[in-house]
Every structure is written in C-alpha cells, then in structure tokens.
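Structure first, commentary second.
Numbering of ligands and ligand atoms starts at 1, following listing order.
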Amino acid sequence: MEVLLDAGTIQTRVTEMAREIEKDYADTEEILLVCVLKGAFVFMADLARGMGTRVSMDFIAVSSYGSGTKSSGEVRFQKDLDASLEDRNVIVIEDIVDTGLTLHYLQEILRSRAPRSLRTACLLSKPSRRQVDVPVEYVGFTIEDRFVVGYGLDYAEQYRNLPHIAVLQES
Ligand code: IMP
Ligand code: MG
C-alpha cells in the first residue's frame with residue numbers, strides 16, 4: 001500500500017494541533033474531548049497526550065443510516081456519552097470528514113445538549129467530497145478523494161493499527 005502520511009509526519013502535526021487547541025482554550029477551566037468511535041481513538045490518544053491538564057474524555061459511537069448506499073447523514077447512537085455536556089467546552093474528535101453528513105447531524109445533536117462551546121477537530125478532510133458545509137475548526141491534513149486506512153481508520157475493521165496512513169488500492 002502506498003504510504004500517504006508517515007508516522008513522524010502525523011505525530012508532528014498532531015502535536016502542533018494539540019498546542020493550537022491549548023492556546024485557544026487557555027482561559028477555560030476544562031476541555032471535554034468527545035471521541036467518535038471507532039476511527040478517532042488513535043488520534044484522540046495522541047492529541048490528548050499532547051495537551052496539558054484540564055482534559056476530560058468521553059466516547060460516542062454512531063452509525064449512519066440510509067437507504068442503500070446513500071448516506072442520509074442521519075446517525076444512530078450505538079453508544080451515547082456518559083457525561084452531560086451542559087455548560088462544558090466540548091471538542092468533537094473525528095478521524096475524517098468526507099461528505100460531512102455524519103458530522104453535521106452529530107453536531108446538531110450535541111449542540112442541543114447545551115454545551116458552553118462546541119468545536120470539532122478532524123485528523124483528515126476530503127473537501128472535494130463535501131455535501132454539507134460543516135464547521136471543522138481544527139483540520140490535521142487535507143487530502144484528495146482517495147480511500148485511506150491506518151492510524152485508526154479501517155477498511156472492513158482492518159488496518160486500524162497501522163502507525164501511518166496508507167491509500168487502499170482499489171483493484
Ligand atoms: P461522512 O463525512 O458522513 O461522509 O462520513 C465520514 C465517515 O466515513 C468517517 O467517520 C469514516 O468512518 C468514513 N470514511 C470516509 N472516508 C474514509 C476513508 O478514506 N477511509 C476510512 N473511512 C472513511
Ligand atoms: Mg468515523
């Protein structure tokens with residue numbers, strides 16, 4: 001498989017993102033990182049370790065519904081958060097924003113739970129695929145429209161453990 005982003009490049013960028021977030025939230029007492037399972041678990045682990053104290057973490061698992069192959073963007077919770085979001089500074093941690101439909105729907109649900117602030121950090125973005133204009137305040141890398149795996153991202157539950165990000169060859 002072709003390596004798109006090697007482990008060192010990812011580490012450098014994730015550390016940079018952690019510093020940027022820390023700077024933006026310098027005046028807040030606590031940040032709640034909400035990891036969107038499963039794909040974002042590696043990214044969140046590295047991002048959180050690049051940040052200082054005042055960080056809490058929670059996890060959410062969603063799956064998209066939709067008829068046939070078309071995602072409606074409507075999501076179903078497979079695992080909801082344990083924590084309340086009310087009056088907290090929340091950052092959604094996602095692996096990749098593609099059409100944006102999943103994230104758009106998820107942001108709406110989370111916003112309805114009255115957080116003090118809500119932002120999103122994605123490791124990867126494929127802007128050419130976007131169907132809905134969803135706000136993502138922190139983007140690690142912008143990539144072309146290719147299917148990638150590794151560093152948490154899967155194809156049929158495989159490859160999540162690769163330390164780098166690779167392009168899955170379409171055959
Ligand atoms: P969307 O933004 O609603 O289209 O969906 C984004 C979700 O699709 C991500 O959270 C991933 O789970 C999955 N996804 C999109 N592109 C890729 C890819 O290149 N590799 C692995 N998963 C992907
Ligand atoms: Mg995902």
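Heavy-atom contacts from other residues, nucleotides or ligands closer than 6.0 Å to CD of Glu29 number 12 or fewer.
Atom numbering of ligand 1 starts at 1 in the shown order; those under 4.0 Å from a heavy atom of Thr102 are 1 (P), 3 (O), 5 (O). The Leu153 neighbourhood of ligand 1 comprises atoms 20 (N), 21 (C), 22 (N), with distances under 4.0 Å to a heavy atom of that residue. Interface atoms of ligand 1 facing Glu94, defined by a heavy-atom separation under 4.0 Å, are 10 (O). Contact atoms of ligand 1 toward Arg146: 19 (O) (distance under 4.0 Å to a heavy atom of the residue). Which parts of ligand 1 touch Asp154 is read off a 4.0 Å heavy-atom cut-off, strictly below it: atoms 21 (C).
The shortest heavy-atom distance from Gly39 to ligand 1 is not under 4.0 Å. Contact annotation: Lys126 has at least one heavy atom less than 4.0 Å from an atom of ligand 1.
For the residues Leu106, Val132, Ile96, the heavy atom positioned nearest atom 14 (N) of ligand 1 is part of Ile96. Looking at Val149, Ile165, Thr99, it is Thr99 that brings a heavy atom closest to atom 4 (O) of ligand 1.
By the 3.5 Å distance cut-off applied to N or O atoms, Phe147 is not counted among the residues near ligand 1.
A donor-acceptor pair is defined here as one N or O able to donate and one able to accept, closer than 3.5 Å; such a pair exists between the side chain of Arg54 and the backbone of Tyr25. Judged purely by atom type and a 3.5 angstrom limit, Arg13 has no side-chain atom pairing as donor or acceptor with the backbone of Thr9.
Using modelled atom types and a 3.5 Å distance limit, the side chains of Glu30 and Ser56 yield a donor-acceptor pair.
Of the residues Val3, Val149, Leu124, the one that meets the side chain to side chain contact (heavy atoms under 4.5 Å, CB included) test with Ile165 is Leu124.
Taken from CG in Asp154 to CG in Asp95, the straight-line distance is 8.5 Å, to the nearest 0.5 Å.
Looking only at side-chain heavy atoms (C-beta outward), Ile21 and Leu47 come within less than 4.5 Å of each other.
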